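Worksheet: the structure to be examined is printed underneath.
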Amino acid sequence: MNAAFWQGKRVFLTGHTGFKGSWLSLWLQQLGAEVTGFSLPPPSEPSLFNVACVQQGMCSFTGDIRDADALRTAMQAAKPDIAIHMAAQALVRYSYAHPVETYSTNVMGLVHFYEAVRATPSIRAVVNVTSDKCYENQEWPWGYRENEPMGGYDPYSNSKGCAELVTSAYRSSYFNPEKHAEHGVALGSGRAGNVIGGGDWAEDRLIPDMVRAIAAGRPVQIRSPHAIRPWQHVLEPLSGYLTLAEHLYQHGAAYAEGFNFGPHDADARPVEWIISRLCASWGDGASWQLDGAPQPHEATYLKLDCSKARSRLNWQPRWNLAHTIDQIVAWHQAYAANPAGSDMRALTLAQIAAYQNTDI
């Protein structure tokens with residue numbers, strides 16, 4: 001990723017109040033981009049968006065991507081060079097209880113986003129962020145490649161498979177790489193695995209569940225200790241999205257494709273390894289126990305093959321999983337020590353800087 005590229009670039013980002021969106025908003029601010037965000041209010045209290053004062057360095061619109069007119073108006077007002085779509089209903093278990101909301105947000109919300117892009121002539125590069133769960137999961141021991149069939153067992157995963165099909169249709173119909181000289185828009189998608197990092201307080205996620213359990217002085221409840229996921233620090237896929245956006249902007253149609261962004265194979269670990277390492281890093285008697293209640297279906301084995309991103313974009317992970325966990329513990333312990341007085345914006349920016357300065 002070329003930091004100088006982003007200086008002065010106008011970036012429109014949906015989902016900027018969420019966990020990933022807040023990290024990306026701060027990173028873009030640090031790089032000198034002019035950032036405009038469009039999103040619902042922060043999804044939790046506390047939230048990274050609020051405790052790290054993300055809004056200080058950007059233009060922030062509160063809105064719902066299911067409101068096509070509001071989204072288009074905000075995007076046109078921003079006159080962005082680059083548009084990144086991250087707004088989503090992102091939880092598997094929530095999608096079982098709220099399938100209509102999940103599909104209307106993740107599928108029709110994306111259609112509204114692409115329609116807004118079509119109505120905004122300043123845009124040259126578009127990145128749609130989906131998920132590793134967009135693939136039809138066969139429980140294979142090897143990683144999924146970008147040309148694998150889309151699918152999804154649960155409403156969330158299926159909606160992300162649908163989002164990739166929508167992206168393919170819009171790329172073919174309106175942003176066709178063969179006609180790039182006519183329309184001038186390069187459209188790519190980024191698919192990432194389970195992201196973790198400081199400042200995540202969402203319901204029904206491993207790290208937030210542990211932070212809440214520790215604060216309450218009780219063991220964290222774990223549903224599927226043997227489930228394997230491509231765990232990675234949130235900065236890893238964000239660096240991939242930024243790298244992809246650069247290539248789309250600079251080289252156009254040559255990179256108008258889907259790309260996986262995941263960890264090295266050694267960091268595709270079971271939940272039990274993650275939580276045991278977290279407890280050891282945290283100390284103070286942190287512990288976990290198995291939640292024996294019946295659970296809805298979730299994939300037990302999921303890995304990504306990221307060789308395409310490595311060879312085409314020269315992208316690869318910087319932080320291994322053990323270091324990632326230490327960074328998360330440092331972030332949350334700093335906040336827990338002084339929730340009202342800690343400068344979490346400075347700490348978050350410091351972790352971003354440390355990530356950028358890590359040798360690959």
Side-chain angles (χ1 to χ4, degrees), residues 11-67 70-71 74-75 77-78 84-91 94 101 105 109 129 194-216 220 233-238 241-242 278 282 324 327-355:
V11 181
F12 188 89
L13 174 63
T14 68
H16 69 291
T17 62
F19 167 59
K20 289 177 72 175
S22 293
W23 275 95
L24 184 55
S25 294
L26 285 175
W27 198 347
L28 286 167
Q29 292 171 36
Q30 186 186 69
L31 291 168
E34 299 175 15
V35 189
T36 299
F38 183 92
S39 182
L40 294 171
S44 64
E45 181 53 46
S47 69
L48 178 60
F49 185 76
N50 287 332
V51 303
C53 304
V54 175
Q55 189 171 345
Q56 282 183 3
M58 66 184 299
C59 179
S60 178
F61 287 94
T62 299
D64 192 324
I65 59 171
R66 292 173 292 182
D67 184 340
L71 177 58
M75 189 181 293
I84 303 175
H85 182 59
M86 296 181 67
Q89 192 300 97
L91 299 175
Y94 185 92
E101 177 187 343
T105 300
V129 174
N194 289 49
V195 298
I196 52 180
D200 189 2
W201 282 283
E203 294 293 331
D204 206 28
R205 285 184 183 157
L206 182 63
I207 304 302
D209 286 350
M210 178 174 178
V211 171
R212 281 187 287 267
I214 290 172
V220 62
H233 194 278
V234 63
L235 292 174
E236 301 283 17
L238 296 185
Y241 307 153
L242 293 176
L278 272 164
W282 193 286
T324 289
Q327 293 298 300
I328 295 169
V329 169
W331 197 102
H332 277 283
Q333 287 187 335
Y335 178 79
N338 189 8
S342 300
D343 190 346
M344 303 314 296
R345 180 182 176 90
L347 178 56
T348 307
L349 288 170
Q351 290 196 348
I352 292 171
Y355 176 84

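Remember, it's a predicted structure, so these values are computed and weren't measured experimentally.
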Heavy atoms only: give me the nearest [X]-[Y] pair and the separation to one decimal.
X: Tyr241; Y: Val129; result: OH-CG1, 3.4 Å
X: Ile328; Y: Gly198; result: CG1-N, 4.0 Å
X: Gly15; Y: Ser39; result: CA-OG, 3.6 Å
X: Leu91; Y: Gln89; result: N-OE1, 2.9 Å
X: Ala202; Y: Pro208; result: O-CB, 3.2 Å
X: Leu48; Y: Gly199; result: CB-O, 3.4 Å

Do [X] and [Y] come within less than 4.5 Å of each other through their side chains, counting heavy atoms only?
X: Leu349; Y: Trp27; result: no
X: Trp23; Y: Leu238; result: yes
X: Ile196; Y: His233; result: no
X: Leu24; Y: Val234; result: no
X: Phe19; Y: Phe49; result: no

Please enumerate all residues that pass side-chain hydrogen bond (donor to acceptor under 3.5 Å, both in side chains) together with [X], with sequence neighbours excluded.
X: Thr348; answer: Trp331
X: Tyr94; answer: Glu101
X: Thr36; answer: none

Can you tell me how far [atom2] of [Y] sits from [atom1] of [X], rounded to the nearest 0.5 angstrom?
X: Leu71; Y: Thr14; atom1: CG; atom2: OG1; result: 7.5 Å
X: Asn338; Y: Gln333; atom1: CG; atom2: CD; result: 14.0 Å
X: Leu26; Y: Gln351; atom1: CG; atom2: CD; result: 11.5 Å
X: Arg345; Y: Ser22; atom1: CZ; atom2: OG; result: 11.0 Å

My understanding is that only residues two or more places apart in sequence, or in another chain, count here; which of them pass salt bridge (Lys or Arg N to Asp or Glu O under 4.0 Å) with Asp64? Arg66

Evaluate the ring planes of Trp282 and His332, with Trp represented by its six-membered ring, and classify them as parallel (under 30°), tilted (30 to 60°) or perpendicular (over 60°). tilted

Test of understanding: with ring pair (Phe, Tyr, Trp, His ring centres under 6.0 Å), list the residues that count as partners of His85, not counting sequence neighbours. Phe113

Start with the C-alpha gap between Leu31 and Leu242, add the side-chain angles, then the distance that decides, and say whether side-chain contact (heavy atoms from CB on, under 4.5 Å) holds. CA-CA 11 Å; Leu31 291 168; Leu242 293 176; 4.2 Å; yes

Test of ring centre spacing under 6.0 Å for Trp201 and Tyr335: yes

In residues 50-63, what donor-acceptor pairs under 3.5 Å come from side-chain atoms, sequence neighbours left out?
from  : atom 1 : to    : atom 2 : distance (Å)
Asn50 : ND2    : Ser47 : OG     : 3.3
Ser60 : OG     : His16 : NE2    : 2.7

Does Ser44 use its side chain to pair, donor to acceptor, with the backbone of Pro46 at less than 3.5 Å? yes

